Amino acid sequence: MHNRCPPQRQVDGLNRHHWWRDAVIYQVYVRSFLDSTGDGIGDLAGVRAGLPYLKKLGVDGIWLSPFYPSPQHDHGYDVADYCDVDPLFGDLAEFDLLVGAARRLGVKVLLDIVPNHCSSEHPWFREALAAAPGSEARARFHFADGRGPDGDEPPNNWHAMFGGPAWSRVTEADGRPGQWYLHMFTPEQPDWNWRDPEVVAEFDRVLRFWLDRGVDGFRIDVAAGLFKHPELPDSDDPEADARTRDSVNPLAWNQPEVHDVWRRWRSICEEYTERDGGERLLVGEVSVPTAREHARYVRPDELHQAFFFDLLSAPWDPDAFRKVISEAMQDIAGTGSTVTWVLNNHDQVRTVTRYGEPATEGSGLGAARARAAALLMLALPGAAYIYQGEELGLPEVVDLPDDVLTDPIFHRTGSRARIRDGCRVPLPWSGQASPFGFTPGAESAKPWLPQPEYFAEYATDRALADTRSFWHLYRDGLQLRSTLPQLGEGTLRWLDAPPGVLAFARGDDLVCAVNFGTAPTPAPVSGTPLLASGPCPAGVLPGSTAAWWISS
Ligand code: NOJ
């Protein structure tokens, strides 16, 4: 990976650097990356074809969104078989080719594993439906009798994250309404009961299945989930999860037992490291209330990384950014763990749009800020994740017609929440019209979500040819990260800066500054920057711009 040795870099007893501590991983949302078959849905062969592009960009690895057999009620986060490939995306032979090709290029491969819930089509859930109350098959999930005289009220008052009650009632073998089962997302995603030893053992098997096939690790979905309060009591604020779209119900998430699972999974990874020296990586989707709580998930014997979402949630405001960065450095990096930064993913409005202001639409402000945020993120100590299309500066597609929207949140909130389709529109690769090279063949081929005409300006071939593009900014930033010992792992030192500007030093002499305002300010370092997110004359830091300098 990185061929440098920064002074503060952590090494193990054998003087080996832990590659993941400052890795940059690219999230591939498989169905929207590149389609090799012409059915309008991206696939694993498409990912393999795109590997040279990702290598050129300079990322250390890729995280593949779920490609397992699934009825696709939540785009694969409803897994019917954890050890196979859905024919939509290819097959195991194609998967092996992808891993082999990635390995030859030196690109790590992470899979997305979904342990909180499965699909209602999973054979164990079907077995549970057919089995009697109190059976072993039901014990793998959360089945409970309802309340009220006929048991026709759910066992507790929890609401699901995507809206509606967190419980659905089943029909028993005798045709009568029977027990209820818990699903913290959609009814098609029943939650596993992690207090059942068979569930624990089954996931051990799944991990080993993929590790044996050569993967370098896993992104763990809902990693603060898995366990629920054992009594399943009523919540004081049952709709809080759906309202905040965050896992805030203290009875349903972040239960202490979950840490035992991460210790167990870590020791499985260590076994593989002992065999061949290659460190496998566990990165958790950890959404918990404080950075201090977050740090508990990345203790030395638990997860290697956990996405620190507070940066992603922070508004474009220097005080907000400084606060979350300082907390992460103190509470997470301060305990010896690495901080894992992220600005975009497949669940969030893209930065270009999020940082734009409606009043200034078309002014390019959102794009300028997104570029500045990218340089800021790549300068922070720790690891970083980039979501596909982020390197192209893709905006959110905000005007998708209702009838193409597939996000279960949209359908489960009575068409109120148009949240996650706009960042999942298939990537533009080339050409002037949809499908922009995403899908082979005629222009009549239809990507699974329609691409707007303006995607032509963002196509990868144009981005590569234009040195002022987002793509070049990311590529240059990644190249500098891999050559400058000041960047990557380590600490940061805040520097005095004019109002509206954040400035910090990495190592002795690398300075990163971001001007959150719109008016230019004096630059914190004289001389020309090494890299800037926009035009940046010596001595000046223009508005909505970030830059890196080496100070003398
Ligand atoms: C988090 C994933 O990122 C999201 O896309 C999914 O819908 C939920 N977990 C449920 O699996």
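Every value quoted in this text rests on a predicted model; they were computed, and no experiment measured them. Atoms within a ligand are numbered from 1 in the order they appear, just like the ligands themselves.
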*asked:* Quick check on contacts: which atoms of ligand 1 are under 4.0 angstrom from a heavy atom of Val222?
replied: 9 (N)

*Using a heavy-atom cut-off of under 4.0 Å, does the side chain or the backbone of Tyr29 touch ligand 1, or both, or neither?*
neither

*Using the benzene-type ring in the case of Trp, are the ring centres of Trp124 and Phe141 under 6.0 Å apart?*
no

_Pair Trp158 + His183: ring centers closer than 6.0 Å_ = no

*Tell me whether the centres of the aromatic rings in His294 and Phe308 are closer together than 6.0 Å.*
yes

*asked:* Is the distance from the ring center of Trp210 to that of Phe95 below 6.0 Å?
replied: yes

*Is the count of non-hydrogen atoms from other residues, nucleotides or ligands lying under 6.0 Å from Arg263 atom CZ greater than 12?*
yes

*Heavy-atom contacts under 4.0 Å between Met161 and ligand 1: side chain, backbone, both, or neither?*
neither

_If the contact criterion is a heavy-atom separation under 4.0 Å, does His117 count as touching ligand 1?_
yes

*May I ask whether Arg219 has any heavy atom positioned less than 4.0 angstrom from an atom of ligand 1?*
yes

*Would you mind listing which atoms of ligand 1 come within a distance below 4.0 Å of any non-hydrogen atom of Arg420?*
4 (C), 5 (O), 6 (C), 7 (O)

*Starting from atom 6 (C) of ligand 1, which protein heavy atom do you reach first, and at what distance in Å?*
Asp74 OD2, 3.4 Å

*Heavy-atom distances under 4.0 Å are what count here, so tell me which part of His73 touches ligand 1: side chain, backbone, both or neither.*
neither

*For Asp347, the ligand 1 atoms whose distance to one of its heavy atoms is below 4.0 Å*: 1 (C), 2 (C), 3 (O), 4 (C), 5 (O)

*Should His75 be listed as contacting ligand 1, given a heavy-atom distance under 4.0 Å as the test?*
no

*Atom indices of ligand 1, in the order listed, that fall short of 4.0 Å to a heavy atom of Phe185*: 8 (C), 10 (C)

_Closest approach of any protein heavy atom to atom 9 (N) of ligand 1, naming residue and atom_ = Asp221 OD1, 2.8 Å

_Please tell me whether Phe185 and Phe162 form a close aromatic pair, meaning their ring centres lie under 6.0 Å apart._
yes

*Any idea which part of Arg424 is under 4.0 Å from ligand 1, heavy-atom wise: side chain, backbone, both or neither?*
side chain

*Which atoms of ligand 1 sit under 4.0 Å from any heavy atom of Phe162?*
7 (O)

_ligand 1 versus Asn345: contacting region, heavy-atom distance under 4.0 Å_ = neither

*Start with the C-alpha gap between Arg292 and Asp331, add the side-chain angles, then the distance that decides, and say whether salt bridge (Lys or Arg N to Asp or Glu O under 4.0 Å) holds.*
CA-CA 5 Å; Arg292 201 161 288 175; Asp331 295 340; 3.5 Å; yes

*asked:* Which residue in the set Ser32, Pro452, Pro395 passes side chain to side chain contact (heavy atoms under 4.5 Å, CB included) when paired with Val425?
replied: Pro452

*What about the rings of Phe227 and Trp253, do their centers lie closer together than 6.0 Å?*
no

*Would you please test Tyr272 and Asp212 for side-chain hydrogen bond (donor to acceptor under 3.5 Å, both in side chains) and show each step?*
CA-CA 9 Å; Tyr272 281 79; Asp212 289 342; 2.6 Å; yes

